[in-house]
Amino acid sequence: EMPFAHCLARVKPEREKLRREAYRRLWWRHVEPRPGMWRKLNGLARYPVTPRVAKHRIFAWVRSSIVPDSRLFAFARADDFFFGVLQSRIHVAWFLALGSRHGDGSEGGRPTYNSETCFGAFPFPEGLTPNIPASDYAADPRAVAIAAAAKRLDELRAAWLNPPDLVERLPEVVPGYPDRILPKNPEAAAILKKRTLTNLYNERPAWLDHAQRDLDAAVAAAYGWPADIGEEDALARLLALNLERAAAGR
């Protein structure tokens, strides 16, 4: 009952202050139903999300039973290849160059992701673009290599976040929802409290760097570029691809 009591005490009073009658009357719901988003996510077991504003540009999988809020960007894909391209250094470099800054708008603000320039304008490798169903290129060696590297990176991160020696997994009471991940004891709880993706990327352990480099190399190879391509060179080539496809109406 505690989650419902929390909503009753914290959410309902705030919603009652809103002007729109539907928001006041249906105070327990998300503000907008987003039917278009749910149509796209329908049938997917998971989808990747990334925060609108963040110090590190991190993408993570969530189960389809999870409802994203307005501070998250959700992508209607479930394949490791797509996730890998987004999490690659090449995509992050594009985002940093074309995204905005949260705060005073200066270089000191936090990088902010957007759907238009950061994602919509980003040119995926030829033949592996998001408008093509993932099943059409599932056997493409480039996609296979990226998917394998992305899956390994995600598994390593998950193992660090919730190692088996510190957590136990209990089935959720409602079928279809993720297992509950609980600390085994108070000492484990204290350690797990500090194990967030932000802290992981702040620490940047060697295993994370190695897994990220493998993913970056696979993504660069999909474009036909060297694994050690510099960010300025990659950005110039991405821009050329963007302009070429825009001129061709693609």
Side-chain angles (χ1 to χ4, degrees), residues 3-4 7 11 15 18 20-54 57-88 91 95 99 112-125 127-140 142-144 146-155 157-158 161-162 169-181 197 215 219 222 245 250:
F4 298 98
C7 290
V11 179
R15 286 292 181 86
L18 300 178
R20 291 182 62 172
E21 193 271 340
Y23 292 177
R24 297 194 304 273
R25 181 167 54 86
L26 305 174
W27 60 266
W28 61 90
R29 292 185 180 179
H30 273 246
V31 174
E32 299 290 350
R34 304 298 184 199
M37 180 189 74
W38 288 116
R39 281 195 298 271
K40 292 288 187 179
L41 296 178
N42 184 39
L44 300 180
R46 63 179 184 174
Y47 59 91
V49 298
T50 192
R52 184 182 300 274
V53 181
R57 183 48 47 197
I58 301 171
F59 295 81
W61 291 110
V62 297
R63 295 281 293 273
S64 57
S65 53
I66 302 298
V67 179
D69 75 359
S70 63
R71 296 182 183 274
L72 286 179
F73 278 92
F75 302 84
R77 292 287 290 259
D79 53 299
D80 290 303
F81 159 78
F82 181 83
F83 175 86
V85 174
L86 293 184
Q87 190 61 78
S88 71
H91 178 66
F95 144 70
T112 304
Y113 202 84
N114 67 68
S115 58
E116 292 80 18
T117 59
C118 298
F119 176 71
F122 177 73
F124 276 65
L128 304 175
T129 50
N131 62 313
I132 302 173
S135 57
D136 287 4
Y137 53 73
D140 188 309
R142 300 172 300 163
V144 172
I146 292 172
K151 190 171 187 294
R152 179 171 179 268
L153 173 63
D154 182 59
E155 289 174 346
R157 294 190 322 191
L161 288 170
N162 296 298
R169 296 176 180 270
L170 299 178
E172 186 50 87
V173 292
V174 179
Y177 283 79
D179 291 342
R180 284 179 289 163
I181 302 176
L197 284 174
L215 174 60
V219 173
R245 292 177 184 176
R250 294 188 292 148

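- In this structure, Arg169 has no salt bridge (charged side-chain N to carboxylate O under 4.0 Å, His left out) partners at least two apart in sequence or on a different chain.
- Taking the side chain as every heavy atom from C-beta outward, Leu170 and Asp179 never approach each other to under 4.5 Å.
- Residues satisfying the salt bridge (charged side-chain N to carboxylate O under 4.0 Å, His left out) criterion with Arg15, sequence neighbours excluded, are absent altogether.
- The backbone N or O of Phe124 sits nowhere less than 3.5 Å from a side-chain atom of Thr129 that would complete a donor-acceptor pair.
- Other residues, nucleotides and ligands place no more than 12 heavy atoms under 6.0 Å from the CZ atom of Arg34.
- Every residue meeting the side-chain contact (heavy atoms from CB on, under 4.5 Å) condition with Asn114, not counting sequence neighbours, appears here in chain and number order: Glu116, Thr117, Cys118.
- Annotation: side-chain contact (heavy atoms from CB on, under 4.5 Å) contacts of Ala121 (sequence neighbours excluded): Trp94, Asn242.
- Taking Trp61 as the reference, Phe83 meet the ring-ring contact (aromatic ring centres under 6.0 Å, His included) condition, with sequence neighbours excluded.
- With sequence neighbours left out, the side-chain hydrogen bond (donor to acceptor under 3.5 Å, both in side chains) criterion links Asp154 to no other residue.
- For Arg20, the salt bridge (charged side-chain N to carboxylate O under 4.0 Å, His left out) partners are Glu32, not counting sequence neighbours.
- Taking a 6.0 Å sphere around CZ of Arg24, one finds it holds more than 12 heavy atoms contributed by other residues, nucleotides or ligands.
- By the 4.0 Å N-to-carboxylate-O rule, Arg152 lies too far from Asp80 to be salt-bridged with it.
- Using a 4.5 Å heavy-atom cutoff, the side chains of Pro48 and Gln87 are not in contact.
- With sequence neighbours left out, the side-chain hydrogen bond (donor to acceptor under 3.5 Å, both in side chains) criterion links Arg25 to Glu21.
- Every residue meeting the side-chain contact (heavy atoms from CB on, under 4.5 Å) condition with Ala143, not counting sequence neighbours, appears here in chain and number order: Phe81, Leu128, Tyr137, Asp140.
- Listed for the Arg71 side chain is no donor-acceptor partner under 3.5 Å among the backbone atoms of Arg52.
- Within the 4.5 Å cutoff, the side chain of Phe4 has no heavy atoms near those of the Trp28 side chain.
- Nearest heavy-atom pair, His91 versus Leu86, reported as atom, atom and distance to 0.1 Å: CD2-O, 3.0 Å.
- Across Phe73, Tyr113, Phe75, Phe59, a single residue satisfies ring-ring contact (aromatic ring centres under 6.0 Å, His included) together with Phe119, and that is Phe75.
- Partners of Glu155 under the side-chain contact (heavy atoms from CB on, under 4.5 Å) rule, at least two apart in sequence or in another chain, are Lys151.
- Not a single side-chain hydrogen bond (donor to acceptor under 3.5 Å, both in side chains) links Tyr47 to another residue, sequence neighbours left out.
- The side-chain hydrogen bond (donor to acceptor under 3.5 Å, both in side chains) test applied to Arg245 returns Glu126, not counting sequence neighbours.
- Nearest heavy atom pair, residue Val144 against residue Ala138, reads CG2-O, 3.3 Å.
- Within the 4.5 Å cutoff, side-chain heavy atoms of Thr50 are placed close to those of Arg57.
- Here the closest non-hydrogen pair linking Asn162 and Ile181 is OD1-CG2, 3.5 Å.
- For the residue pair Ala134 and Asp79, the shortest heavy atom distance occurs at CB-CG, 3.8 Å.
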